[in-house]
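Just so we're on the same page: letters track the sequence lines, and every chain starts at 1.
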Amino acid sequence: MRYWLMKSEPDEASIDDLSNAPERTLPWTGVRNYQARNFMRDTMRVGDGVLFYHSSCPEPGIAGLTKVVSTPYPDPTQFDPKSPYYDPKSKPEEPRWMLVDVKFVKKTPLISLAELRKHAELADMRVLAKGNRLSITPVTEAEWRFITERLT
DNA sequence: GCCAACGTTGGC
DNA sequence: GCCAACGTTGGC
C-alpha cells in the first residue's frame with residue numbers, strides 16, 4: 001500500500017465533483033507528463049491512498065481523501081480530437097497516456113499550502129519541494145499518517 | 001498578470 | 001546528444 005498526492009484544478013474537477021460523480025469515482029484524465037503517467041501506470045495499486053489537492057485556485061491545498069480503485073488503462077481523452085487533452089501522436093494500438101480511476105473517501109477541512117509548510121514533519125514532502133510541478137507525487141507513510149491523523 | 005522553474009521540442 | 005527556444009505549471 002502506497003500513498004500519493006494528486007493535484008486537480010477545482011474548476012475542472014473538485015473534491016465535490018468527485019463526491020457527486022457516479023460511484024463517487026472519476027478517471028484521472030488529462031495527465032500529459034511522463035513522470036506522472038509512470039506513477040499511475042507502473043507504481044499505483046488498487047487501494048492506494050490519495051490526498052486530493054486543489055491547485056491553481058484561490059485557496060490551494062488538500063481538500064479530501066481518495067483512493068485508487070482501478071488498474072491502469074488508456075486515457076480516452078487522448079484519442080478525442082475535441083478534447084483539450086487530444087494527442088494526435090498517440091495511437092489506440094499504442095496508447096501513450098494511461099490513467100487510473102480515483103474514488104472519493106472523504107472531504108476534509110481545507111489544509112492550505114501555508115499550513116502544510118508550517119510542519120517540520122512535512123518539510124520533505126515532494127509536493128512542497130522548490131520548483132515541483134509534478135501533478136502526482138508520492139507521499140510517505142509518515143506524511144500520510146501525520147496529515148490524516150493530525151491535520152484533518 | 002507576473003515570473004520562476006521545469007519539461008519538451010527540434011535544429012544542428 | 002546538445003541545448004536554445006518555447007510552452008506550461010502554479011503560487012502569489
Side-chain angles (χ1 to χ4, degrees), chain A residues 2-21 25-44 48-68 70 72-140 142-144 146-148 150-152:
Chain A
R2 291 188 170 89
Y3 303 96
W4 307 92
L5 180 143
M6 296 172 81
K7 295 181 186 173
S8 180
E9 302 190 12
D11 283 351
E12 288 210 21
S14 69
I15 189 73
D16 292 327
D17 294 333
L18 184 61
S19 175
N20 293 328
T25 297
L26 288 172
W28 205 264
T29 55
V31 167
R32 296 295 179 266
N33 169 284
Y34 289 102
Q35 230 183 317
R37 177 205 66 182
N38 292 348
F39 283 140
M40 289 197 285
R41 189 188 63 183
D42 305 332
T43 320
M44 282 187 183
D48 282 1
V50 177
L51 301 169
F52 192 103
Y53 182 96
H54 285 172
S55 70
S56 294
C57 60
E59 258 196 309
I62 295 167
L65 305 184
T66 65
K67 62 181 178 181
V68 175
S70 82
Y73 64 96
D75 180 342
T77 63
Q78 70 194 304
F79 306 123
D80 176 3
K82 293 194 289 284
S83 167
Y85 302 122
Y86 178 57
D87 182 353
K89 292 186 210 155
S90 184
K91 305 201 170 65
E93 61 274 18
E94 204 179 340
R96 181 178 295 195
W97 304 109
M98 306 291 279
L99 54 65
V100 298
D101 290 342
V102 169
K103 182 173 177 121
F104 180 89
V105 174
K106 73 172 188 178
K107 194 171 171 176
T108 61
L110 189 103
I111 309 167
S112 71
L113 191 53
E115 169 75 21
L116 292 172
R117 290 194 193 283
K118 277 184 200 164
H119 299 282
E121 294 89 339
L122 304 178
D124 294 331
M125 276 190 88
R126 278 283 286 282
V127 72
L128 302 182
K130 179 177 167 148
N132 172 69
R133 280 178 16 186
L134 259 189
S135 63
I136 300 177
T137 48
V139 171
T140 67
E143 290 160 353
W144 174 270
F146 184 80
I147 290 167
T148 57
R150 303 269 311 278
L151 301 185
T152 61

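Take A:Ser56 and apply the side-chain hydrogen bond (donor to acceptor under 3.5 Å, both in side chains) test, not counting sequence neighbours, and it matches no residue. Applying the side-chain hydrogen bond (donor to acceptor under 3.5 Å, both in side chains) test to A:Asp17 and every residue at least two apart in sequence or in another chain returns A:Ser14. In terms of the side-chain hydrogen bond (donor to acceptor under 3.5 Å, both in side chains) criterion, residue partners of A:Glu12 (sequence neighbours excluded) are, by chain and number, A:Tyr85. Applying the side chain to side chain contact (heavy atoms under 4.5 Å, CB included) rule to A:Lys67 yields the partners A:Val69, A:Lys103, A:Val105; only residues at least two apart in sequence or on another chain are considered. Listed by chain and number, the residues in a ring pair (Phe, Tyr, Trp, His ring centres under 6.0 Å) with A:Phe146 are A:His119 (sequence neighbours excluded). The ring pair (Phe, Tyr, Trp, His ring centres under 6.0 Å) test applied to A:Tyr3 returns A:Trp144, not counting sequence neighbours.
Within residues 81-97 of chain A, the residues that place at least one heavy atom under 4.0 Å from DNA chain B are, in residue-number order, A:Lys89. Residues from residues 4-14 of chain A lying near DNA chain B, meaning a heavy-atom separation below 4.0 Å, are absent.
With axes fitted over five pairs at each extremity, the angle between the ends of the helix from B:dG1-C:dC12 to B:dC12-C:dG1 is 10° (10° resolution).
A:Glu143 places a side-chain N or O within donor-acceptor distance of the main-chain N or O of A:Thr140, the cut-off being under 3.5 Å. Without hydrogens or angle criteria, A:Thr66 side chain to A:Phe52 main chain gives no donor-acceptor distance under 3.5 Å. The main-chain N or O of A:Arg2 is found under 3.5 Å from a side-chain atom of A:Asp48 such that the two form a donor-acceptor pair.
Closest approach of A:Tyr53 and A:Pro60 over heavy atoms only: OH-CB, 3.8 Å.
Running 5' to 3' along DNA chain C, contacts with non-hydrogen atoms of chain A at under 4.0 Å begin and end at C:dG7 to C:dC12.
The list of side-chain hydrogen bond (donor to acceptor under 3.5 Å, both in side chains) pairs with a residue in residues 26-38 of chain A, not counting sequence neighbours, reads A:Arg32-A:Asp75, A:Arg32-A:Thr77, A:Tyr34-A:Arg96, A:Asn38-A:Arg41. Within the structure, salt bridge (Lys or Arg N to Asp or Glu O under 4.0 Å) pairs that include any residue of residues 106-126 of chain A comprise A:Asp16-A:Lys107, A:Glu115-A:Lys118 (at least two apart or interchain).
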